[in-house]
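Note sheet for the following structure.
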Amino acid sequence: MATKNAPPAIETNLAPAKPPFWNDPEKRALLFQILLVVGIFVFFAYIFSNTLYNLEKRGINTGFGFLSSPAGFGIAQTLIPYTEADSFATTFVVGLLNTLLVAVLGIFLATILGFTIGIARLSKNWLVSRIAMTYIEIFRNIPLLLQILFWYRAIVPMLPGPRQSQALGDTVFLNNRGLFLPKPIGEPGFGWTLIAFAVAVLGVFLLKRWARLRQENTGQQFPVFWTSVGLLIGLPGLVFLLTGSPLTWELPALKGFNFQGGISIIPELGALLLALTIYTAAFIAEIVRSGIQSVYKGQTEAAAALGLRPNRALQLVIIPQAMRVIIPQLTSQYLNLTKNSSLGVAIGYPDLVAVFAGTALNQSGQAVEIIFMTMLVYLVISLVISGLMNWYNQRMALVER
Amino acid sequence: MAIIVQSPSPSLPPPANTTGLMGWMRQNLFSTVGNSLLTVVLFVGIVSLLIPLVQWAFIDADWVGTTRDDCKSGGACWVFVNVHFQQFMYGLYPEAERWRVSLVAVILVITLAALMIPKIPGKKYIGIFALFFFPIVAFYLLVGNRFGLPHVETNLWGGLMLTLVIAIVGIVAALPLGILLALGRRSKMPIVRSVCIAFIEIWRGVPLITVLFMSSVMLPLFLPEGMDFDKLLRALVGITLFQSAYMAEVIRGGLQAIPKGQYEAASALGLNYWQSMYKVILPQALKMVIPGIVNTFISLFKDTSLVLIIGLFDLLAIVQAAFSNPKWLGFAVEGYVFAALVFWIFCFSMSRYSQHLEHKLRTTH
């Protein structure tokens with residue numbers, strides 16, 4: 001009371017009084033961050049101690065020692081030799097390879113289908129663009145899991161049994177056990193053809209550089225595209241014929257109840273791949289459409305004014321600019337596809353999640369380690385792909401003067 | 001001698017093949033030889049695809065009945081869907097209590113309609129009701145155990161009702177978390193920023209299915225002994241955390257689109273950080289990202305079907321359970337088509353709404 005009514009003391013020092021530390025933004029930020037770190041630390045310590053206690057009570061050993069013990073279960077599709085006696089570490093690799101297989105195939109097919117539909121969406125033909133629109137609107141609004149299950153549980157059982165297979169000549173067979181394709185088998189000497197192909201790829205690369213330099217120096221163009229096609233087909237083809245066609249096809253054949261030999265695509269892979277491709281292609285089509293539409297009309301007109309024919313204008317002016325918009329979104333779709341491939345677990349496709357986070361987890365009980373490893377794999381894939389995308393973006397970014 | 005025409009001669013009608021249906025077809029379907037060929041081929045293809053489809057789904061289909069013996073025409077057996085319809089909507093929720101689910105649905109529809117129709121006043125209060133009071137009302141109505149309502153275990157929940165519960169809880173709970181994460185990611189404090197970036201990138205980098213596995217397998221391990229959630233709550237925790245990371249990125253987009261002048265003006269007015277966020281920045285940023293939030297909701301709505309993998313009976317799972325019943329084996333196609341139709345109607349109408357909003361909220365010139 002007394003201090004409040006007292007006349008203010010005369011300040012000799014005119015600099016503003018130092019605020020108390022809780023009003024100083026810098027110190028407050030420091031305090032807040034320290035609290036945050038302590039809070040996070042306490043939270044994790046709490047979880048950690050609970051987990052240790054719970055694991056101990058259930059008699060589960062922690063650590064990654066289980067990776068070397070035998071898994072003891074079979075896997076329907078393995079890209080590397082695998083038996084039940086192999087370790088959990090091998091099941092991890094098998095699952096990872098299966099995930100990568102479906103992801104790579106899916107990305108390849110979805111890109112082709114997506115670009116086709118995206119360009120069809122912009123067609124001047126009304127019917128074509130409407131069909132493309134209907135496709136996009138139908139498939140992107142139905143959950144992917146439903147589509148996977150539809151193909152696997154509704155359509156695959158409708159296919160005929162192995163004896164009544166749908167056959168394409170004597171080479172390709174389709175039945176409810178899968179799709180069977182002939183398998184190329186290289187005989188000794190086939191290596192020369194592969195070497196010739198590698199040489200041709202190198203040649204195309206050098207040719208492109210030479211042609212660009214020549215055009216920059218003299219203005220003369222060189223038909224790079226057709227020469228490259230000729231080189232890529234001609235050189236390996238010639239070597240192939242010269243070495244006496246050292247390649248045979250192993251045809252699938254009905255033996256007993258199922259087909260043997262050739263490449264077999266199990267129905268799980270087929271259904272998953274089909275659903276992933278159809279679903280992702282709808283998104284890619286929208287990305288391609290919006291990418292092409294994002295290029296100003298003036299660019300097309302300017303290209304025409306320069307005397308470029310429509311095809312050349314598309315190739316040299318429109319697509320390079322549209323790509324700048326398309327690529328980042330396309331990459332995130334690729335990432336989505338890779339992550340979505342984990343839905344294969346619902347139909348028993350032996351991918352990383354099904355084999356490792358499913359069967360292996362149930363067999364070994366090492367939930368923490370296995371879930372951690374599985375998440376880490378997806379995280380690493382995501383980070384690598386987004387890292388590559390950032391690098392590409394920096395390269396493609398508009399260089400403004 | 002000059003001939004002077006006093007009045008201009010009347011203009012001729014345009015050539016018949018440039019206007020009307022003929023002109024339109026000429027321009028859009030038969031502009032070149034190649035186009036004409038394409039049109040014809042596609043037309044034949046579509047017709048030959050649609051005729052059997054329509055035949056199967058409508059003309060040869062059976063609609064009414066009680067058992068599978070009522071399906072004799074050889075087309076689609078919609079009797080299957082008809083018989084199970086209640087189950088597809090409510091799951092195993094006790095029949096005597098289903099009015100509670102319907103009541104929640106009616107309140108939800110009225111609230112959403114009131115929010116979406118521009119003419120209705122008092123949006124602020126309706127919004128507060130929708131975000132804060134509706135969840136409480138819905139919780140007590142659905143779970144029961146209070147106010148004389150019998151308790152309904154969550155393992156009886158299922159069908160479309162469960163799908164909607166998961167999607168709506170996921171989005172409503174993820175919104176505040178997403179706002180905090182987005183603000184944290186743009187914070188000037190390095191530790192706060194890196195924690196938020198790590199949280200967002202980790203959740204966005206892993207598939208939802210591993211998150212669900214984690215919440216169903218690992219969450220019980222993380223908690224002290226004796227403390228146990230039910231399966232639905234565990235899934236909801238996982239979905240909320242996962243969704244909040246995506247929500248944060250959407251909101252960050254809105255925050256970045258706010259001009260710097262707004263931040264400066266807010267601090268010039270003497271507002272502190274939270275005041276300026278609450279009164280100036282967030283109202284503008286959130287309004288801007290409503291279409292983005294709707295899009296996130298659409299993908300969440302589709303993703304809810306994943307809960308069938310951890311053993312919850314959402315719409316898709318209950319449809320599968322119905323056609324796996326020995327009495328109704330073999331109606332997988334009908335079941336999936338029905339489920340797909342329900343999902344499609346929801347997602348398509350929401351995506352149209354979000355496009356409409358994007359158009360309406362566009363303030364650029």
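Keep in mind the model is a prediction, meaning the values are calculated, not measured. Hydrogens, waters and symmetry mates are skipped; everything else that's a heavy atom, side chains included, is used. Lettering of chains follows the sequences in order, A, B, ..., and the numbering in each one begins at 1.
- Contact of Phe150(A) with chain B is made through backbone and side chain together, with heavy-atom distances under 4.5 Å.
- With a 4.5 angstrom heavy-atom cutoff, Ile309(B) touches chain A only via side-chain atoms.
- Residues of residues 378-387 of chain A placed with any heavy atom under 4.5 Å of a heavy atom in chain B are listed by number as Tyr378(A), Leu379(A), Ser382(A).
- Residue contact with chain B, scored on non-hydrogen atoms closer than 4.5 Å, is absent for Leu376(A).
- Between Arg352(B) and Glu137(A), the closest side-chain pair of non-hydrogen atoms falls below 4.5 Å.
- Using a 4.5 Å cut-off between heavy atoms, Leu308(B) touches chain A through its side chain atoms alone.
- Both the backbone and the side chain of Leu149(A) come within less than 4.5 Å of a heavy atom of chain B.
- Only the side chain of Val37(A) comes within contact range of chain B, judged by heavy atoms closer than 4.5 Å.
- Applying a 4.5 Å heavy-atom cutoff, the residues of residues 338-346 of chain B that approach chain A are Ala339(B), Ala340(B), Phe343(B), Trp344(B).
- Both the backbone and the side chain of Thr51(A) come within contact range of chain B, with heavy atoms under 4.5 Å apart.
- Between Trp126(A) and Trp24(B), some side-chain heavy-atom pair lies under the 4.5 Å cut-off.
- In this structure, the portion of Phe32(A) lying under 4.5 Å from any heavy atom of chain B is its side chain and not its backbone.
- The structure places CG of Leu29(B) at 5.5 Å from CG of Asn125(A), a figure rounded to the nearest 0.5 Å.
- The contact between Leu36(A) and chain B is made entirely by side chain atoms (from C-beta outward), counting heavy-atom distances below 4.5 Å.
- Heavy atoms closer than 4.5 Å to chain B are found in both the backbone and the side chain of Val128(A).
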